[in-house]
Each structure stands twice: as structure tokens, then as C-alpha cells.
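The basis for the numbers below is simple: all heavy atoms, side chains too, and nothing from hydrogens, waters or symmetry mates.
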Amino acid sequence: MELYNQSSSSRFILFSLSNFPFHLKVIGFLAFLVMYFITLFANLLLIIVVRINPKLQTPMYFFLSNLAFIDICFSTTVVPKILINTITRDNSISQVECGVQMHFHLTLGSTECFLLAVMAYDRFAAICRPLHYNTIMSMRMCICLVAASWSSSFINSMAHVIYTFQMSFCRSHFVNRFFCEVPPFLQISCSNIWLHEIAMYISAVSITGPSFFLTMISYIYILSTIFKISFSQGRYKALSTCSSHIIVVTVYYGTLLIIYLRPHSRSSPDMDKSVSILYSAVTPMLNPIIYSVRNKDVKSTIRNR
């Protein structure tokens, strides 16, 4: 592959479907387009439903609305560029545009990680501390938790993006992903990347570690409390309020661990591209569907409007 010098080229080439056979390109374009529209429609609908139903003005649905907003932004950060690259021959992206995309992708992913942990703690407070729930999860506390999630993710992402684009890319400017994210840039860099890899692992562990343990501890207490409920209907009702969140958490952490906590020397390009699309385009589409299908309040509000 032709070598590039960073000083003479400030653009990167993204992987796209534009060089695929026409029928595969059409299928891919339509698939991404449909996923994007479903993501926008489902998440916007969920936000609107929470806003118009007074019964849903609770901390759980406040966090769920924030999660829906994150999923809209997450998909918008990635999918439109994929669609454009699919129908055009120019698959390049400027360093500034790539940095902005990488920054918001990292910010939104980290914020979602924190928010899922906060939602698990909310369920813990509701099930294990029901008499103190309104005090523990006051609106002021909810706003502070969301603000802290956004601000810490923004700062962490900014540091990674600045560090990434200080590296030299003399091997190639071809990024073997559909969009800009950190791992493939480590593969094409001719700089010493061991310090960046360590920083990335520390950052991933510092974000996902506490969030994951808070989620696990919350559910240990939740399940312990549920099993103490004497009648089966009460156990089912309590567990049903957590089932959707458990599914979303499982999908989220599974894909996240595959992408960021695996040495790049052992990575498979095709696997990495597939997991990235699952994490950035498919999951934001599935989240509102998972929460809506298993939520009687949301379904009843939609039917009555």
C-alpha cells in the first residue's frame, strides 16, 4: 500500500462499501439507512412518550430519556458518514472531521457506560430502599449524576483524541474501519504506541471498571431482595423492571470489552469492523425497542395517543 507522510497529507481513507459489487453496495446502503431511521424514530418516540405522560416523570424515565438522546447522537455521529461514503467514490475524511467524530464517539460511548451504571443504582434504590427512594434519587441528584457522566466523558475523550493525533502516520493513511476510532490509528502509526496503549487500557478500565462493579453490586442486592419476596407475582413485577436494563447492559459491555480490552496485535480486522457497527449502529437501534417492548407504561401511552 502506498505510504503517506503526515506533513503532506492531513486526510485519512476510511473503509467503505463503495468498492463492493453494486448489489452488495445497495443492500449495505439500505441496511444502514433503515437502521438509522429506526434509531431516530424509536428513540425520539421514547423521548416524546416520557415527556407527555405525567406517570413517567420519574428518575428511571429521566435516565431512559437521556439514554435515548445519547443513542440518537451516537448513531448520527457514525451512520451518515457511512452512507455518504457508500454512494461516493471519495472515502477520505479530514483530520479535523476525523478528530471530531472520534471525540464525540468516545464521549457518547463513555457517557452511556456511566449512565447504565446510574440506571442500575436507580433500580437498586427503587427495589432495595423503596421508602428512601425519593430522597436518594431526587431530581437534583439525577441531574448531577447525568452532568458528571457527560463532563468526565468529555474530558477523557478530548485527552485521547489529542494524544492520538500527535502520533505520526507514516505507514498508511488507510483506516480499516467505517469511521474514526482509536484502535485502528494505533495500527497505522509509526510512533511508539506502547504508552498510548497503556493509557487507553487504563482509561477503559477506569471508566468501565467502576461502572461495571456498581452495576453488578446493584444487581446482587436487587436479586437478593427479590428472592426474599414471598409471593411470585411480586418477584415477577420487581424483576420485570430490571430485565430490559440487564439485556442492554449485557450487549453494551460485551461489545465494549471486545473492542477496547483486547491487544491490537490479536485483533481481526473483519471482526473489529463488525463489532464496531454492532456497537455504534445496531445497539442504538435496539435499545429503545428493548425498553419499549417490555414496558407496559410506554406501550399503553403509545396506544392511547
Enquirer: Got a sec: does the CE of Met141 have more than 12 other heavy atoms crowding it under 6.0 Å?
Expert: no
Enquirer: Donor-acceptor pair, Tyr252 side chain versus Gly109 backbone, under 3.5 Å?
Expert: yes
Enquirer: Any chain of hydrophobic side-chain contacts (each under 4.5 Å) joining Leu116 to Leu223?
Expert: yes
Enquirer: Any side-chain to backbone donor/acceptor pair from Ser157 onto His103? Under 3.5 Å, distance only.
Expert: yes
Enquirer: Got a second to check how far Arg11's CZ is from His173's NE2, nearest 0.5 Å?
Expert: 11.5 Å
Enquirer: Testing the basics here: between Ser149 and Thr111, what is the closest heavy-atom pair and its distance to 0.1 Å?
Expert: O-OG1, 3.8 Å
Enquirer: If you group Ile, Leu, Val, Met, Phe, Trp and Tyr by side-chain heavy-atom gaps below 4.5 Å, do Tyr36 and Met285 land in one group?
Expert: yes
Enquirer: With a 4.5 Å cut-off on side-chain heavy atoms, are Phe62 and Ile143 touching?
Expert: yes
Enquirer: Could you check whether atom CZ of Phe212 has more than 12 heavy atoms from other residues, nucleotides or ligands sitting under 6.0 Å from it?
Expert: no
Enquirer: Is the shortest heavy-atom distance from the side chain of Glu181 to the side chain of Val175 under 4.5 Å?
Expert: no
Enquirer: Quick check for you: to the nearest 0.5 Å, what is the distance between Asn91 atom CG and Ile84 atom CD1?
Expert: 11.0 Å
Enquirer: Return yes when atom OH of Tyr221 has more than 12 non-hydrogen atoms of other residues, nucleotides or ligands closer than 6.0 Å, and no otherwise.
Expert: no
Enquirer: Side-chain heavy atoms under 4.5 angstrom apart, residues restricted to Ile, Leu, Val, Met, Phe, Trp, Tyr: same cluster for Ile202 and Met167?
Expert: no
Enquirer: Write down the atom of Cys128, the atom of Pro130, and the distance for their closest heavy-atom approach.
Expert: C-CD, 3.3 Å
Enquirer: Taking all heavy atoms of Thr283 and all of Val251, pick out the closest pair and write down the distance.
Expert: OG1-CG1, 3.7 Å
Enquirer: List the atom of Ile136, the atom of Arg129, and the distance in Å for their closest heavy-atom pair.
Expert: CD1-CB, 4.0 Å
Enquirer: Does the side chain of Tyr291 come within less than 4.5 Å of His245's, by heavy atoms?
Expert: yes
Enquirer: Under 3.5 Å, side chain of Glu112 to main-chain N/O of Thr107, donor-acceptor pair present?
Expert: no
Enquirer: Please report the shortest heavy-atom distance between Leu14 and Phe178, naming the atom on each side.
Expert: CD1-O, 3.8 Å
Enquirer: Taking the side chain from Thr77 and the backbone from Cys73, do they hold a donor-acceptor pair closer than 3.5 Å?
Expert: yes
Enquirer: Starting from the C-alpha separation in whole Å, work towards a yes-or-no answer on side chain to side chain contact (heavy atoms under 4.5 Å, CB included) for Met102 and Phe179.
Expert: CA-CA 8 Å; Met102 184 185 294; Phe179 54 91; over 6 Å; no
Enquirer: Atom OG1 of Thr225 and atom CZ of Phe227: how far apart are they, to the nearest 0.5 Å?
Expert: 10.5 Å
Enquirer: Quick one: are Ile127 and Tyr133 in side-chain contact, heavy atoms under 4.5 Å?
Expert: no
Enquirer: Is there a side chain to side chain contact (heavy atoms under 4.5 Å, CB included) between Val49 and Leu56 once you walk through the steps?
Expert: CA-CA 8 Å; Val49 166; Leu56 303 184; 3.8 Å; yes
Enquirer: With side chains defined as the heavy atoms from C-beta onward, is the minimum distance between Val79 and Met35 less than 4.5 Å?
Expert: no
Enquirer: Atom OG1 in Thr58, atom CG in Asn53: separation rounded to 0.5 Å?
Expert: 9.5 Å
Enquirer: Going from CD1 on Ile72 to CZ on Phe41, what distance comes out if it is rounded to the nearest 0.5 angstrom?
Expert: 11.5 Å
Enquirer: Under 3.5 Å, is there a donor-acceptor pair between the side chain of Ser189 and the main chain of Ser168?
Expert: yes
Enquirer: Quick check: does any side chain N or O of Thr215 sit under 3.5 Å from a backbone N or O of Ser211, one acting as donor and the other as acceptor?
Expert: yes
Enquirer: Below 4.5 Å, heavy atoms only, C-beta onward: do Val146 and Val118 meet side chain to side chain?
Expert: no
Enquirer: Would you say the side chain of Leu83 lies within less than 4.5 Å of the side chain of Leu33, judging by non-hydrogen atoms?
Expert: yes
Enquirer: Report yes if some heavy atom in the side chain of Met119 is under 4.5 Å from a heavy atom in the side chain of Val248; otherwise report no.
Expert: no
Enquirer: Got a sec: does the CZ of Phe213 have more than 12 other heavy atoms crowding it under 6.0 Å?
Expert: no
Enquirer: Heavy atoms only: give me the nearest Leu195-Tyr163 pair and the separation to one decimal.
Expert: CD2-OH, 3.2 Å
Enquirer: Over 60° means perpendicular and under 30° means parallel, so tell me whether Phe185 and Phe169 are parallel, tilted or perpendicular.
Expert: perpendicular
Enquirer: I'd like to know if the side chain of Ser110 reaches the main chain of Ser153, judged simply by a donor and an acceptor atom lying under 3.5 Å from each other, with no hydrogens or angles considered.
Expert: no
Enquirer: Do other residues, nucleotides or ligands put more than 12 heavy atoms under 6.0 Å from the CZ atom of Phe104?
Expert: no
Enquirer: Yes or no on side chain to side chain contact (heavy atoms under 4.5 Å, CB included) for Phe15 and Arg177, after CA distance, side-chain angles and deciding distance?
Expert: CA-CA 5 Å; Phe15 179 87; Arg177 296 287 176 87; 5.8 Å; no
Enquirer: What is the ring orientation for Phe69 with Trp150, classed by angle as parallel under 30°, tilted 30 to 60°, or perpendicular over 60°?
Expert: tilted
Enquirer: Flag yes if Ile87 and Val34 sit in one hydrophobic cluster, no otherwise; membership is Ile, Leu, Val, Met, Phe, Trp, Tyr, and two members link when side-chain heavy atoms are under 4.5 Å apart.
Expert: yes
Enquirer: Backbone N or O of Ile47 within a donor-acceptor pair of the Ser65 side chain at under 3.5 Å?
Expert: no
Enquirer: CG/Leu115 to CZ/Phe63 distance, rounded to the nearest 0.5 angstrom?
Expert: 7.0 Å
Enquirer: Are any side-chain N or O atoms of Ser203 and backbone N or O atoms of Ala199, one a donor and one an acceptor, separated by less than 3.5 Å?
Expert: no
Enquirer: Using the rule that Ile, Leu, Val, Met, Phe, Trp and Tyr join whenever any side-chain heavy atoms are under 4.5 Å apart, tell me whether Leu24 and Val26 fall into a single cluster.
Expert: yes
Enquirer: Output, in order, the C-alpha distance, side-chain angles, deciding distance and verdict of side chain to side chain contact (heavy atoms under 4.5 Å, CB included) for Tyr121 and Met137.
Expert: CA-CA 9 Å; Tyr121 179 73; Met137 300 305 296; 3.8 Å; yes
Enquirer: If only atom types and distance count, is the side chain of Asn43 paired as donor or acceptor with the main-chain N or O of Pro284 below 3.5 Å?
Expert: yes
